[in-house]
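In the text below, chain A, chain B and the rest are named by the order of the sequence lines, each starting its count at 1.
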2 protein chains.
Amino acid sequence: MSNHNSLETLFHLVHALKQQMHKQIEALNLTVTPMHVRAITIIAEQTPCTASDVAKFLNRDKAQITRLLSALISENLILKAANEKDKRSQCLLLTEQGECLLKQVKEVEKNIFNKMSKDISEEKLAEFQQMTRLLTGNLME
Amino acid sequence: MSNHNSLETLFHLVHALKQQMHKQIEALNLTVTPMHVRAITIIAEQTPCTASDVAKFLNRDKAQITRLLSALISENLILKAANEKDKRSQCLLLTEQGECLLKQVKEVEKNIFNKMSKDISEEKLAEFQQMTRLLTGNLME
DNA sequence: TGATTTTAGTTGACTTTATCAATCAATATA
DNA sequence: TATATTGATTGATAAAGTCAACTAAAATCA
């Protein structure tokens, strides 16, 4: 496995993923972006969840997260509630509209996952994910 | 392997890759971007190579490729030569400066690859790449 | 052969993603 | 108590990306 080809192979896969996600989200006439989707999912799955949590999970700059969350608030998909533990931060919550969107998005992700993993065994997929995590861990040391 | 986690896992890996690449390119005081690097590598490895070839290889829009190549020409990293087979297109070639950059970039990629694959067998890596290609193929059908 | 369709490359306009720097206030640490 | 760190915001800017429209060359069709 030569180094250039392996890196390029991964870039290709993720690019294909993003294109597929874009296509299916668009087909549902949803106006959210991939990063919106990811943020909403994180907020739905972590409790409590602050901007800092999202930034850490995604390993992104605080500035980007602030803007991303601000957009989601504007779209009435999430809201901020005071964090009793820390006056500097706010807890993020999905609105009803956000919950509704999350359901649609989950469906999209399922479709994409099924398409991607067609004819591939659960075992192989589990191995693949394990390897992905290993590689990521190595890179982040 | 749940669908959301698997997609997220891949995004994390590629994000880590890009960050690592950025860090190492910056450390060499090179002013190129990741896409510059990828384009230069493609041009070096395909003969003949036209803008259309690059766009197809990367599965990107022609507009982006035109701009990318234009930037590389401005930086004197590549040049265009008439394509005798088709008056509409031009063959892309690396300049000496481009060749020099390519060598540095190859070193960066090798470092990243070695870091990423630390303690992982060649066999496992080959399997991983094979799987990556399968998944990409499924998505692009 | 001429008409029509497709393709290579360019430009315009706009969107999405992303980071560094600076700042202020709250919290943690020495 | 003084100092350092952290949460969030804003400014400024860069990189990556796409759709649309266009022109000219090439391919295809009748």
* Asked: Does a side chain donor of either A:K62 or A:T66 reach within less than 3.5 Å of an acceptor in the other side chain?
  -> no

* Check the pair A:L125 / B:L135 against side chain to side chain contact (heavy atoms under 4.5 Å, CB included), numbers first and verdict last. => CA-CA 10 Å; A:L125 288 168; B:L135 299 177; 4.3 Å; yes

* First-last contacting nucleotides on DNA chain D - partner chain B, under 4.0 angstrom, heavy atom -> D:dA15 to D:dA26

* At their closest point, which heavy atom of A:A44 faces which heavy atom of A:L94, and how far apart are they? -> CB-CD1, 3.9 Å

* **Close side-chain approach of A:V108 to A:L28, heavy-atom, < 4.5 Å** => yes

* Under 4.0 Å protein heavy-atom contacts per nucleotide of nucleotides 3-13 of chain C, with B for base, S for backbone only and - for none -> ----BBBBBBB

* Structure fact -> Taken to the nearest whole Å, NE2/B:H12 to C1'/C:dT17 is 16 Å

* Structure fact -> A:R88 meets the salt bridge (Lys or Arg N to Asp or Glu O under 4.0 Å) criterion, sequence neighbours left out, with A:D86

* To do: Scan side-chain atoms only and decide if B:N83 and B:Q90 contain a donor-acceptor pair under the 3.5 Å cut-off.
  => no

* Asked: Starting at CG of A:L68 and ending at C1' of C:dT16, how long is that distance when rounded to a whole Å?
  -> 11 Å

* **Stepwise side chain to side chain contact (heavy atoms under 4.5 Å, CB included) test for B:V54 and B:C49** => CA-CA 7 Å; B:V54 177; B:C49 182; 3.8 Å; yes

* Given salt bridge (Lys or Arg N to Asp or Glu O under 4.0 Å), test B:E45 with B:K106 step by step and report yes or no. => CA-CA 12 Å; B:E45 297 186 344; B:K106 286 290 183 188; 3.2 Å; yes

* To do: Kindly indicate whether the side chain of B:M21, heavy atoms from C-beta on, has any atom under 4.5 Å from the side chain of B:I25.
  => yes

* Ignoring hydrogens and angles, tell me if any N or O in the side chain of A:K115 forms a donor-acceptor pair with the backbone of B:E141 under 3.5 Å. => yes

* What is the bend of the helix from C:dT1-D:dA30 to C:dA30-D:dT1 when you compare the axis at one end with the axis at the other, using five pairs each and rounding to 10°? -> 40°

* Looking at residues 25-33 of chain B, who's got a heavy atom less than 4.0 Å off DNA chain D? -> B:T33

* Would you mind listing every ring pair (Phe, Tyr, Trp, His ring centres under 6.0 Å) that reaches into residues 38-65 of chain A, with sequence neighbours excluded? => A:F57-B:H12

* Asked: Would a distance-only check, ignoring hydrogens and angles, find a side-chain to backbone donor-acceptor pair under 3.5 Å from B:S117 to B:I120?
  -> no

* Asked: Considering only heavy atoms from C-beta outward, does the side chain of A:V37 approach that of A:T33 to under 4.5 Å?
  -> no

* **Whole-Å gap separating P (C:dT16) and CE (A:M21)** => 15 Å

